[in-house]
Asker: 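There's a structure below that I have some questions on.
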Amino acid sequence: MYQYKYVKTTLGSFFEDANHHEIINSHAKEGWRFVQVLANHYNGHGKPAEFEIIFEKTVLNDDKA
C-alpha cells in the first residue's frame, strides 16, 4: 500500500532558484519518492500557473483480511 503527498507550488516558486530541487530532495530525505509534477491550474494564456508535486511512500498494511 502507498501513501501519497501533494505539494502545491506556483510557477514562480517552482522554478525560482531551483526550488523544485529543494522540495524533491527534502521530501526524499523523509522517505518520500518523487512520482510526478502535475499542472493543475492554467492562466488566461493557457500556460501552467500552479503545480502539484506528487510523492509516495510505502506504508505497512496491518490489515491481514
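Atoms considered below: every heavy atom in the structure, side chains included; atoms not considered: hydrogens, waters and symmetry mates. Fair warning: this is a prediction, and the values are worked out from it, not measured in the lab.
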Asker: Under the side-chain hydrogen bond (donor to acceptor under 3.5 Å, both in side chains) rule, collect the residues that match up with E56, sequence neighbours excluded.
Answerer: Y4, R33
Asker: To the closest 0.5 Å, what do you measure between CZ (F55) and CD1 (I24)?
Answerer: 5.5 Å
Asker: Minimum heavy-atom separation for Q3 and W32, please, with both atom names.
Answerer: O-CZ3, 3.4 Å
Asker: Step by step, would you call H27 with V7 a side chain to side chain contact (heavy atoms under 4.5 Å, CB included)?
Answerer: CA-CA 10 Å; H27 282 80; V7 178; 3.6 Å; yes
Asker: Would you be so kind as to tabulate the donor-acceptor pairs closer than 3.5 Å made by side chains of residues 36-43, with sequence neighbours excluded?
Answerer:
residue, atom, partner, partner atom, Å
N43, OD1, H45, N, 2.8
N43, OD1, G46, N, 3.2
N43, OD1, K47, N, 3.0

Asker: If you measure from NZ on K5 to CD1 on I54, what distance do you get to the nearest 0.5 Å?
Answerer: 13.5 Å
Asker: At their closest point, which heavy atom of E30 faces which heavy atom of K57, and how far apart are they?
Answerer: O-NZ, 3.5 Å
Asker: With side chain to side chain contact (heavy atoms under 4.5 Å, CB included) as the test, would you mind laying out the steps for V59 and Y2 before giving the verdict?
Answerer: CA-CA 6 Å; V59 293; Y2 294 97; over 6 Å; no
Asker: Once you round to the nearest 0.5 Å, how far does OG1 of T58 lie from CE of M1?
Answerer: 11.0 Å
